[in-house]
Amino acid sequence: MTRQRVLILFRPLLTLSIVFALLVLRSTAQSDQPSAANLAARRWFQDGKFGMFIHWGVYSTLQDGEWVMQNRKISIADYEKLPSQFNPEKFNAAEWVALAKSAGMKYITITSKHHDGFVMFDSQVSDWTIVKRTPWKKDPLKLLADECRKQGIHLSFYYSQLDWHNPDYYPRGRTGESAGRSDGGDWDKYLDYQDAQLRELLTNYGEISGIWFDGWWDKPKASWRLDRTYKLIHGLQPQTLIGNNHHQVPNPGEDIQMFEKDLPGRNTAGFNEGEKIGDLPLETAETINTAWGYNFTDDHYKSTRELVQYLVRAAGANANFLLNIGPRPDGTIQPEFVERLHQMGEWLAEYGDSIYGTRGGPIAPHPWGVTTQKGNKIYVHVLEWLDPVLLLPAPANQVTAAYALKDHAKVEFSKSGDRLLLQLPAHSSADFDTVIVLETAPR
Ligand code: FHN
């Protein structure tokens, strides 16, 4: 066959394969691009600023935190005795959601499955669930989802990729060695199980605001098939914001970057070693005492002032604050948590304008405080500063007025070079936050 004839025959085939390759490339690129619904959800999330984290599971019956199975080296055989005692008859979804609202929280992120593998919803792919193993037999996530919809609170699910109960979580990672599982298991079968449960969570509970993954760090070298799982999630609900508490730079398909027990960029607790801050919406999670899951001896409660200042410093770092409660095994929430959440709500009722809908301010966070901004307003949050004057780098836009957010009392200010001097209103160390509003002229 002459060279000419070969070319004539193969040219269409060559063209088709090039077109096909370009289409595949385009669709892959597009699939990694967040949808319009997802981008809108990210904006909503950043505006919402404040959420309730809930760590609740069968571990609460031992009242010693959510790592009790690992910490006390409890075998699966013994741990499986717990659900028969887990009967949260005082659980009241309306009260939990109302408490979040009273605190000024805009979303709830609740554990659907923690590291013990105990499933807190009516999953058809597991018999290790609250519905099948407890005398209560109810699905708290369904009750909560219905109530969140009723009260206008967004709902997200925490999901632990780490599982100390499932025999197919194998090879095991650096935890779960005392559970008493045999050596063997099908890792892909475990990932299929995980994806099946995510499908249930994103099909049976209405609109879900986010999936909060945790536990990747137990097997950082494993093939977690994240892209496949993330595509499943976004295929079912494009607006669902995916976050993964892996303490690494976010992966493709993730929509928020989370930090734990530290503000973004800091690492006092050791979780955020070298984690660089990306350009995704940010969130930091913290506890009211020191435990995530219910711990009846943990009375190291942060004061309401500390909690408000954490919220403000998070907002100043352009981040959301996810504040945790660990309900008791009977479904009630301890009064020390309720009291602080109500007080935070009272503060936000008066100063919420300086938090909700804002982004990190133009003046970088300092020990004295932070700034947030919204429209032509810059909110100066004076947290730890008792001097009557405060010298700031002058914002790029000209400051046309300054006043205290609390009572709109005028605040004297003067500009000299690239500095702005504020004459602060009387304030004391008992104050949570002295908020000064700087109105600026458009540039
Ligand atoms: O091991 C978990 C822990 O139990 C808790 O869920 C926290 C919440 O951010 N995340 C892991 C610790 O980094």
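For ligands, and for the atoms within them, numbers begin at 1 and follow the listed sequence.
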Report task. Please assess S160 against D214 for the test side chain to side chain donor-acceptor pair (under 3.5 Å), listing each intermediate value before the final yes or no. Result -> CA-CA 5 Å; S160 173; D214 203 358; over 6 Å; no
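- Among residue pairs with one or both ends in residues 294-320, those qualifying as ring pair (Phe, Tyr, Trp, His ring centres under 6.0 Å) are Y310-F321; sequence neighbours excluded.
- Atoms of ligand 1 found under 4.0 Å from any heavy atom of F271, numbered from 1 in the order shown, are 13 (O).
- What sits closest to atom 13 (O) of ligand 1 on the protein, heavy atoms only, is E260 OE1, 2.7 Å.
- For ligand 1 and Y158, the ligand atoms under 4.0 Å from any heavy atom of the residue are 6 (O).
- Taking the side chain as every heavy atom from C-beta outward, S112 and F121 approach each other to under 4.5 Å.
- Ligand-side atoms of ligand 1 in range of W67: 1 (O), 2 (C), 3 (C), 4 (O), range being under 4.0 angstrom from any heavy atom.
- Short contacts between ligand 1 and N245, defined as distances under 4.0 Å to a heavy atom of the residue, involve ligand atoms 9 (O), 10 (N), 13 (O).
- Aromatic ring pairs are classed by plane angle as parallel below 30°, tilted from 30° to 60° and perpendicular above 60°; the pair H247 and F271 is tilted.
- Atom NZ of K406 has 12 or fewer heavy atoms from other residues, nucleotides or ligands within 6.0 Å.
- In this structure, the protein non-hydrogen atom closest to atom 4 (O) of ligand 1 is E66 OE2, 2.6 Å.
- Protein heavy atom closest to atom 8 (C) of ligand 1, with residue, atom name and distance, is W292 CE2, 3.6 Å.
- Of all protein heavy atoms, the one lying nearest to atom 11 (C) of ligand 1 is D214 OD2, 3.0 Å.
- For ligand 1, the atoms sitting less than 4.0 Å from at least one non-hydrogen atom of W212 are 9 (O), numbered in the order shown with element in parentheses.
- For S84, there are no side-chain hydrogen bond (donor to acceptor under 3.5 Å, both in side chains) partners, not counting sequence neighbours.
- Salt-bridge check for D47 with K106: failed, with every basic side-chain N at 4.0 Å or more from each acidic carboxylate O.
- In this structure, the side chains of W56 and E66 stay at 4.5 Å or more apart for every pair of heavy atoms.
- F259 does not count as a contact of ligand 1, since none of its heavy atoms falls under 4.0 Å from the ligand.
- Within the set H55, H114, H115, the minimum heavy-atom distance to atom 1 (O) of ligand 1 is found for H115.
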